[in-house]
Amino acid sequence: MKRNLLPILTVTLAIIVMWYLACIPMNAVLTTPKIAAAGGGLANTLAYSWNEVRPVLPSPHQVAREIWNTVFAVAPWTIKSLVYHLWITLSSTLVGFIMGGLLGILLAISIVHTASLEKSLMPWVIASQTIPILAIAPMLIVVLGKTGLPDIFTKASISTYLCFFPVTIGMVKGLRSPDVMQQDLMRTYNANAAQTLWKLRLPASLPFLFASLKVSVAIALTGAIVAELPTGAVAGIGARLLNGSYYGNTLQIWAALFVAAFAAAMMVWLLSELEKQSLKRMGAKP
Amino acid sequence: MIRAVVTLLISSGLSILIALSFSRTNPPTGQDWALSFAFVICSWVAAWSASWVADLVLPKAQTRWLVPTIFGLGVIAAWEAYVRTSAIPVVLLPSPSEIAAKFVATLPILKADFVQTILRAVIPGWLMGSGAGFLAALVCDRNDFLRRGLLPLGNLVAALPIVGVAPILVMWFGFDWPSKAAMVVVMTFFPMLINTLAGLNASGQMERDLMRGYGADWFTTLIKLRLPAAMPFIFNALKINSTLAMIGAIVAEFFGTPIVGMGFRMSTEVGRQNLDMVWAEIAVAAISGSFFYGCLSLAERRVTFWHPSYRR
């Protein structure tokens with residue numbers, strides 16, 4: 001990590017510099033008359049390009065200020081606060097993530113234990129992912145909304161659908177990862193299928209499970225955001241995006257994006273910490 | 001074998017019994033939802049055990065296609081039967097036969113949407129995004145400093161909800177297909193970059209030393225050794241990207257679009273409660289997505305025929 005610090009910082013710095021530079025031509029449509037009115041010159045160009053009220057491309061410090069204003073400067077449980085919207089999105093993300101994870105694990109366990117399920121079900125599990133579920137999310141949301149389920153479950157169903165696939169694939173691999181020698185040992189102990197599953201297969205599959213969960217949690221958040229788009233944009237990160245795009249409020253979009261990105265990174269980081277801890281408890285070498 | 005046949009007999013017997021009891025209370029009232037739920041379960045189990053029996057009886061060469069096909073047909077039949085018996089309103093769930101009828105009736109509209117979304121946005125965007133990711137990976141491979149800087153960043157971006165960029169891109173590139181293609185480019189770039197970089201490191205140290213022993217330069221080593229070794233990874237990225245590209249293009253259409261395109265059609269027809277039209281559109285997406293994926297799998301087989309997963 002330390003070895004990579006300098007390159008990462010360099011690349012990040014380069015991106016920020018390019019971002020500031022890109023603001024000048026991108027915002028030229030709006031700023032050219034103002035700069036001319038102010039008498040031109042480099043100082044005026046920069047000042048106007050980087051501080052437009054409704055910019056085409058907001059500058060980094062504008063985004064940072066907007067995030068500060070909507071996260072820290074307002075009470076967290078009001079409609080103006082991004083924390084409130086993030087919580088709405090995160091709650092349905094987590095519900096979907098847990099349901100999808102459980103569904104994935106259950107499917108994997110039944111596939112591993114029943115040979116014909118693998119042949120009949122597995123191709124459909126894979127085919128289910130060639131359907132762009134995010135694209136049909138609005139219809140699912142509207143249809144499920146009519147069944148009278150709580151809102152959070154209809155939104156979470158999208159995340160569930162996205163989540164179960166990586167978990168199923170990873171867990172099928174993981175549950176099969178113990179080698180023949182270990183399975184034979186279980187047989188000499190006269191262990192039945194449930195005991196083999198509990199004492200050998202599940203522990204062996206943990207690394208695979210965590211790798212899949214990290215993929216899942218990221219797409220669960222994406223699913224939750226997209227699921228919010230068709231519900232009339234009331235609350236949540238997706239609603240902020242849609243609102244911002246309707247009213248041309250670019251700052252709001254960028255702020256929502258960065259907060260969502262931060263949340264995704266945090267969730268992945270949390271999972272990898274959990275992975276480290278559990279693998280350590282199981283005696284993995286550091 | 002016996003278990004399979006018994007399951008098949010019991011479940012299909014039960015489904016026939018329930019179906020008979022339904023035909024007496026014609027037309028269906030929707031009162032006995034528990035019965036129709038039981039019917040769905042029974043017929044699904046019947047479909048599954050039919051594929052189970054087929055798997056045991058038929059020769060191995062045929063089961064690879066036949067088993068999932070029987071299973072899929074069984075699920076569709078159960079769906080159709082459920083809609084017919086449960087009196088579920090068509091705005092909630094149309095039956096497969098209604099969807100098929102709508103599909104045939106609206107072919108010209110579906111074709112226009114297909115051209116707008118798939119041919120204009122998905123495929124060019126997919127090509128550009130994957131191509132750019134591949135080139136970026138080659139540049140990173142030559143420059144280790146850049147690689148160490150970009151790779152963690154790429155891993156981070158891969159975990160981000162990138163679809164959120166859609167409104168910004170629609171604002172920048174306008175309502176028509178360029179903004180959708182740009183969305184696809186953004187979504188497909190990083191998976192390709194990460195996978196290609198992983199693939200380029202997949203060749204063993206021994207082989208690379210051999211190439212050095214032959215006096216091969218970077219380019220020759222790349223063409224003869226490292227790119228072929230990277231091909232499974234590159235195809236993996238292409239497959240991931242084929243799904244991502246469809247999602248990106250369709251989701252970008254939710255943020256503003258001309259009056260044609262699959263995402264536009266779905267969102268407006270949901271509003272007009274024409275669920276059969278939406279399902280026809282989903283069928284188009286599923287068929288073209290599976291076709292796309294299938295073509296890639298075939299090409300992968302041709303290119304990486306040496307890979308252990310294809311050995312018999």
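Each chain gets a letter, A, B and so on, in the order the sequences are listed, and its residues count up from 1.
For Ile15(A), the part lying under 4.5 angstrom from a heavy atom of chain B is the side chain only. Looking at Leu150(B), both its backbone and its side chain come within 4.5 Å of chain A, counting heavy atoms on both sides.
Not counting sequence neighbours, the partners of Phe292(B) by the ring pair (Phe, Tyr, Trp, His ring centres under 6.0 Å) test are Trp126(B).
The environment of Trp87(A) atom CH2 is sparse: at most 12 non-hydrogen atoms of other residues, nucleotides or ligands sit within 6.0 angstrom. Remark: Phe175(B) CZ is loosely packed, at most 12 non-hydrogen atoms of other residues, nucleotides or ligands lying under 6.0 Å away.
Annotation for Gly149(B) and Pro7(A): closest pair N-CB, 3.4 Å, computed over non-hydrogen atoms. What you find for Ile8(A) and Arg148(B) is that their closest heavy atoms are CG1-O, 3.8 Å. Here the shortest heavy-atom pairing between Leu146(B) and Val11(A) reads CD1-CG2, 4.5 Å.
The candidate with the highest count of non-hydrogen atom pairs below 4.5 Å against chain B, out of Thr10(A), Val268(A), Ile225(A), Leu9(A), is Thr10(A).
Counting heavy atoms from C-beta outward, Phe145(B) and Leu6(A) have side chains that approach closer than 4.5 Å. The side-chain heavy atoms of Leu57(A) and Ile168(B), taken from C-beta on, include no pair separated by under 4.5 Å.
Between the CG atom in Leu162(A) and the CD1 atom in Ile247(B) there is a gap of 6.5 Å [rounded to 0.5 Å].
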